[in-house]
Visitor: 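I have a structure here, written as structure tokens, and I will follow up with some questions on it.
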Amino acid sequence: MTTPQLTLYNTLTRSKEAFTPLDASNVRMYVCGPTVYDFAHIGNARPVIVFDLLFRLLRHVYGADHVTYARNITDVDDKINARALRDFPDLPLNEAIRRVTEKTEAQFLSDAKALGALDPTIQPRATDNIAEMQALIGSLIQRSHAYSAAGEVLFDVKSMPDYGQLSGRNLEDNLAGARIAVEAHKKNPADFVLWKQSADNEPGWDSPWGRGRPGWHIECSAMSERYLGQTFDIHGGGLDLIFPHHENEIAQSRCAHGTHAMANVWMHNGFLQVEGRKMSKSLGNFVTINDLLETGAMGGRAWIGDVLRLAMLMTHYREPIDFSVRRLEEAEAKLADWQRAARGAEVNDGDAPDASVVAELADDLNFHRASVALDFIAKKANRNEGNAKHCLAATLRFLGFGLDSLLTSDDGWEEPPHIASAISARLEALNNKDFAKADAIRNDLAEQGISLMDYKDEQGQRATRWEMKR
RNA sequence: GGCCACGUGGCGGAGUGGUUACGCAGCGGAUUGCAAAUCCGCGUACUCCGGUUCAAUUCCGGACGUGGCCUCCA
């Protein structure tokens, strides 16, 4: 099989580029993960899903053992401290923080799994990489890219001539905004914190610059270096992270290592709105992933992870999305169509996905065009052409979708035996032309949420299959 | 105020300097005891105003609208 050429949009150059890994035997991708202080909302789900799709594609193209995907867990942050103090005021701070971060991290991992995302190769925690961050800060100071002032260590943006490349901003633009509070101890208003001192009631680690904690940007520089190297292939995250977070990561990593690039390709997913409005707690349209999976927060009912995944991927990853009930319904109907068409196929994990679907994804993750190709395969499967059914099933699995999640029920659900006996009783009634009895059985099952579909099997005999009604 | 995206038929959504995807919903037909599912067929849309061009939804300029960043927010 020929290896498809990947093309990816690079924020750094504002254009689509052919992708060539630094080392095809170890393709390396870093994505900014969650700060674990609260439930992840539906907007947080987008990068999880988008970069999972890219991870799957990279594994397909370069081999599953030749891709390293790191997604961090930020477990040191002032919002976490605030949450810990609020929720566990009676516990020692460190214990309270641990409660908050462990619980939130477990919730995030369970959400990601429900969304069909593979585990990243590595999920490093910030608190396990404090020494690496300190080493990086030390080398920035040594190279005169950072300085101490008022108990903080700050990055000196003026020391980096091409600071601002990713976001297309220059220091003058930032000044023009004039909304950055000019702090007297900074050489330049755009200088940002690498290390800050902690008060006794704040979490802290000993360091050459006193007991303190890292700034927000330094952790990603430290962890990506540790796990992926000083320069790697792809760095991803949400659009909002371009500035300042990713800009500052680049500044830290390149200046600390004296490299020309931190990552070759920078990818950013678009934002989403909910029912046409910006998602916010005050508008009452703030929905978490967990709300969608387990409550009636949208549309008065719960939605399975597969449906959320498709609803998210229906739109190209760089475009804005209006997340709505109608969108969820459409995704659900589409996925049910595919699952019906793939029904009964036996697939194994390694079975190859359809080449045309892969080719569409290879063009900057054009999932929508891939889904058009899937529709085409589904149509062939419904007409029983060739191996279309198997191909469809293998491709759905490759894309991270369940094969019968909408037709039966949640994983682990077992078909009650009475369904099979009711169906055979109905078939017997039908063969006796006792339609009243047959319809009574059908109605009875319908009330239990089971809908029936009659068809002719390969011998031309009447047969019936069932699925869950949603 | 500065910078940056986006604006396609009822809805979703790709793409293209001229032949005008595709899906959902809707309509018609086939099939079915009736349904459901499935199959076949049917829709000439590209915010507005200028400009470039033989030709613009597609390129350029402007307007309007929506959103993002400039505030450790995906």
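Heavy-atom basis, side chains included; hydrogens, waters and symmetry copies ignored. Below, read A as the first sequence line, B as the second, and so on, with proteins coming before strands; counting in each chain starts at 1. None of the values given here were measured: they were computed from a predicted structure.
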Visitor: Rounded to the Å, how far apart are A:F376 CZ and B:rC39 C1'?
Guide: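 Between C1' of B:rC39 and CZ of A:F376: 15 Å.
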Visitor: What is the distance from atom CG of A:N129 to atom CG of A:N72, rounded to the nearest 0.5 Å?
Guide: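 Here the rounded value is 9.5 Å.
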Visitor: Side-chain N or O of A:K278 versus OP1/OP2 of B:rG68: is the shortest distance under 4.0 Å?
Guide: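 A:K278 to B:rG68 OP1/OP2: side-chain N or O found under 4.0 Å.
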Visitor: Grab the CG-P distance between A:D454 and B:rA36 for me, whole Å please.
Guide: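 Checked: the CG to P distance equals 12 Å.
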Visitor: Could you tell me whether A:R301 sits above the aromatic face of A:W303, with NZ or CZ closer than 6.0 angstrom to the six-membered ring centre and within 45 degrees of the axis?
Guide: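 Geometry flag: set, cation within 6.0 Å and 45°.
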Visitor: Taking the minimum atom-to-atom distance to the side chain of A:T315, which one of B:rG13, B:rC22, B:rG33 wins?
Guide: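 That would be B:rG13.
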Visitor: Tell me which nucleotide among B:rG23, B:rG33, B:rU38 gets nearest to the side chain of A:N382.
Guide: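 For A:N382, the side-chain atoms sit closest to B:rU38.
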Visitor: Below 3.5 Å, does any donor atom in the side chain of A:H41 face an acceptor in the base of B:rA74, or the other way round?
Guide: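 Checked by distance alone, the answer is yes.
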Visitor: It should be established whether A:R327 places a side-chain nitrogen or oxygen under 4.0 Å from OP1 or OP2 of nucleotide B:rG13.
Guide: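 Looking at the OP1 and OP2 atoms of B:rG13, one of them is under 4.0 Å from a side-chain N or O of A:R327.
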Visitor: Which whole number of Å gives the distance between the C1' atom of B:rC60 and that of B:rA25?
Guide: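 About 38 Å, rounded to a whole number of Å.
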Visitor: Where the side chain of A:H368 is defined as all heavy atoms beyond and including C-beta, which of B:rG12, B:rC34, B:rG33 is the nearest nucleotide?
Guide: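 Out of B:rG12, B:rC34, B:rG33, the nucleotide with an atom closest to A:H368's side chain is B:rG12.
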Visitor: So what does A:L241 touch, heavy atoms closer than 4.0 Å: a base, only the sugar-phosphate, or nothing?
Guide: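 The answer is sugar-phosphate, as A:L241 gets under 4.0 Å only of primed atoms, P, OP1 or OP2.
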Visitor: For the side chain of A:P244, counting heavy atoms from C-beta on, which of B:rC70, B:rC11, B:rC39 is nearest?
Guide: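 Of the candidates, B:rC70 comes closest.
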Visitor: Take A:D322 and A:R327, measure what salt bridge (Lys or Arg N to Asp or Glu O under 4.0 Å) needs, and give me the verdict at the end.
Guide: CA-CA 8 Å; A:D322 182 15; A:R327 169 182 287 268; over 6 Å; no
Visitor: Can you tell me, in whole Å, how much space there is between the C1' of B:rG29 and that of B:rU16?
Guide: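 Nearest-Å result for B:rG29 against B:rU16 at atom C1': 34 Å.
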Visitor: Do the side-chain N and O atoms of A:E17 and A:T7 include a donor-acceptor pair separated by under 3.5 angstrom?
Guide: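 Short answer, no.
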Visitor: Rounded to whole angstroms, how far apart are CE on A:M279 and P on B:rA74?
Guide: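 After rounding, the reported distance stands at 10 Å.
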Visitor: Any chance you could list the contact pattern along nucleotides 4-9 of chain B? Use B for base contacts, S for sugar-phosphate-only contacts and - for none, protein heavy atoms under 4.0 Å, 5' to 3'.
Guide: --S---
Visitor: What integer number of Å spans the C1' atoms of B:rU66 and B:rC27?
Guide: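 Looking at atom C1' only, B:rU66 and B:rC27 are 34 Å apart.
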Visitor: Would A:R318 pass as a cation-pi partner of A:Y9, given that its NZ or CZ must be under 6.0 Å from the six-membered ring centre and within 45 degrees of the axis?
Guide: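 The answer is yes; both the distance and angle limits are met.
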Visitor: Look at the side chain of A:N366 and decide which nucleotide, out of B:rG15, B:rA74, B:rA35, has an atom nearest to it.
Guide: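 Looking only at side-chain atoms, A:N366 lies closest to B:rG15.
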Visitor: Around atom CZ of A:F376, are there more than 12 heavy atoms from other residues, nucleotides or ligands closer than 6.0 Å?
Guide: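 No, because the 6.0 Å sphere around CZ of A:F376 holds 12 heavy atoms or fewer from other groups.
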Visitor: When rounded to the nearest Å, what value does the distance between P atoms of B:rA36 and B:rG26 take?
Guide: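 Approximately 11 Å lies between the P atom of B:rA36 and that of B:rG26.
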Visitor: Choose from B:rA74, B:rG13, B:rA37 the nucleotide whose nearest atom is closest to any side-chain atom of A:D240.
Guide: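 For A:D240, the side-chain atoms sit closest to B:rA74.
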Visitor: Looking at A:R343, I'd like to know whether one of its side-chain N or O atoms comes within less than 4.0 Å of OP1 or OP2 on B:rA37.
Guide: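 Negative; the distance criterion is not met.
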Visitor: As a test of reading the structure: which of B:rC72, B:rC69, B:rC34 is closest to the side chain of A:R426, going by heavy atoms?
Guide: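 Looking only at side-chain atoms, A:R426 lies closest to B:rC34.
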Visitor: Taking the minimum atom-to-atom distance to the side chain of A:R442, which one of B:rG67, B:rG12, B:rA35 wins?
Guide: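 So the nucleotide nearest the side chain must be B:rA35.
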Visitor: Can you tell me how far P in B:rG12 sits from the matching atom in B:rG17, rounded to whole Å?
Guide: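 After rounding to an integer number of Å, I get 25 Å for this pair.
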Visitor: Between C1' on B:rG23 and CD on A:E360, what's the gap in Å once rounded to a whole number?
Guide: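 The answer, rounded to whole Å, is 15 Å.
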Visitor: Using whole Å, report how far CG of A:L365 lies from P of B:rG13.
Guide: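 Nearest whole value for this atom pair: 17 Å.
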Visitor: Taking the minimum atom-to-atom distance to the side chain of A:E330, which one of B:rC11, B:rA37, B:rC39 wins?
Guide: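 The closest nucleotide is B:rC11.
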Visitor: Would you measure the distance from the C1' atom in B:rG65 across to the matching atom in B:rA74 and give it in whole Å?
Guide: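 Those two atoms are separated by 25 Å.
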Visitor: Is there aromatic stacking of A:F271 against B:rG68, centre distance under 5.5 Å, plane angle under 30°?
Guide: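 No, the aromatic ring of A:F271 does not stack with the base.
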Visitor: Atom CG of A:D337 to atom C1' of B:rG23: distance rounded to whole Å?
Guide: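 Value for this atom pair: 10 Å.
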Visitor: Are A:F286 and A:H41 close enough that their ring centres sit under 6.0 Å apart?
Guide: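 Between A:F286 and A:H41, the centre distance is under 6.0 Å.
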Visitor: Is any side-chain N or O of A:D322 under 3.5 Å from a base N or O of B:rG12, one able to act as donor and the other as acceptor?
Guide: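 Per atom types, no contact qualifies.
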Visitor: Would you write the dot-bracket representation of RNA chain B, where each base gets (, ), [, ], | or . depending on whether it forms a Watson-Crick or G-U pair under 3.5 Å and with which partner?
Guide: (((((((..(((.....[...))).(((((.......)))))....(((((..]....))))))))))))....
Visitor: Do other residues, nucleotides or ligands put more than 12 heavy atoms under 6.0 Å from A:Q448 CD?
Guide: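 Count over threshold, so yes.
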Visitor: It should be established whether A:K379 places a side-chain nitrogen or oxygen under 4.0 Å from OP1 or OP2 of nucleotide B:rC40.
Guide: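 The answer is yes; a side-chain N or O of A:K379 sits under 4.0 Å from OP1 or OP2.
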Visitor: By nearest heavy atom, map A:A438 and A:R326 onto RNA chain B; which one lands nearer the 5' end?
Guide: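 Per heavy-atom nearest nucleotide, the more 5' residue is A:R326.
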Visitor: Answer yes or no: does a side-chain N or O of A:R340 lie under 4.0 Å from OP1 or OP2 of B:rU38?
Guide: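 For B:rU38, OP1 or OP2 has a side-chain N or O of A:R340 closer than 4.0 Å.
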Visitor: Which is true for A:E467 with a 4.0 Å heavy-atom rule: it touches a base, it touches only sugar-phosphate, or it touches nothing?
Guide: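 Nothing, no heavy atom under 4.0 Å.
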Visitor: For nucleotides B:rC64 and B:rG13, find the distance between their P atoms and express it as a whole number of Å.
Guide: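 One P to the other, the span is 26 Å.
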Visitor: Hey, is CZ on A:R277 packed in by over 12 heavy atoms from elsewhere, all under 6.0 Å?
Guide: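 It does not: A:R277 CZ has 12 such atoms or fewer within range.
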Visitor: When you measure from the centre of the six-membered ring of A:F401, is the NZ or CZ of A:R309 closer than 6.0 Å and no more than 45° off the axis?
Guide: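 Judged by the rule, A:R309 and A:F401 form a cation-pi pair.
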Visitor: I need the NZ-C1' distance between A:K437 and B:rA35, as an integer number of Å.
Guide: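 Taking atom C1' of B:rA35 as the reference, NZ of A:K437 is at 20 Å.
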Visitor: Please identify which of these residues, A:T127, A:T104, A:T101, meets the side-chain hydrogen bond (donor to acceptor under 3.5 Å, both in side chains) condition with A:D75.
Guide: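 Exactly one candidate clears the test, A:T127.
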Visitor: When you look at NZ of A:K103, are more than 12 heavy atoms from neighbouring residues, nucleotides or ligands closer to it than 6.0 Å?
Guide: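 Counting other residues, nucleotides and ligands, NZ of A:K103 stays at 12 neighbours or fewer.
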Visitor: Counting any heavy atom closer than 4.0 Å, what does A:I242 reach on the DNA or RNA strands: base, sugar-phosphate only, or nothing?
Guide: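 Contact class for A:I242: none.
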Visitor: Can you tell which of B:rC24, B:rC34, B:rG68 lies closest to the side chain of A:K334?
Guide: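 Among the listed nucleotides, the one closest to the side chain of A:K334 is B:rC24.
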Visitor: B:rG13 P sits how many Å from A:D375 CG, rounded?
Guide: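 Atom-to-atom, A:D375 to B:rG13, this comes out as 15 Å.
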Visitor: Quick check: A:H246 with A:H268 (ring centres under 6.0 Å apart)?
Guide: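 Distance test on ring centres: under 6.0 Å, yes.
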Visitor: When rounded to the nearest Å, what value does the distance between C1' atoms of B:rG43 and B:rU38 take?
Guide: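 Nearest-Å result for B:rG43 against B:rU38 at atom C1': 22 Å.
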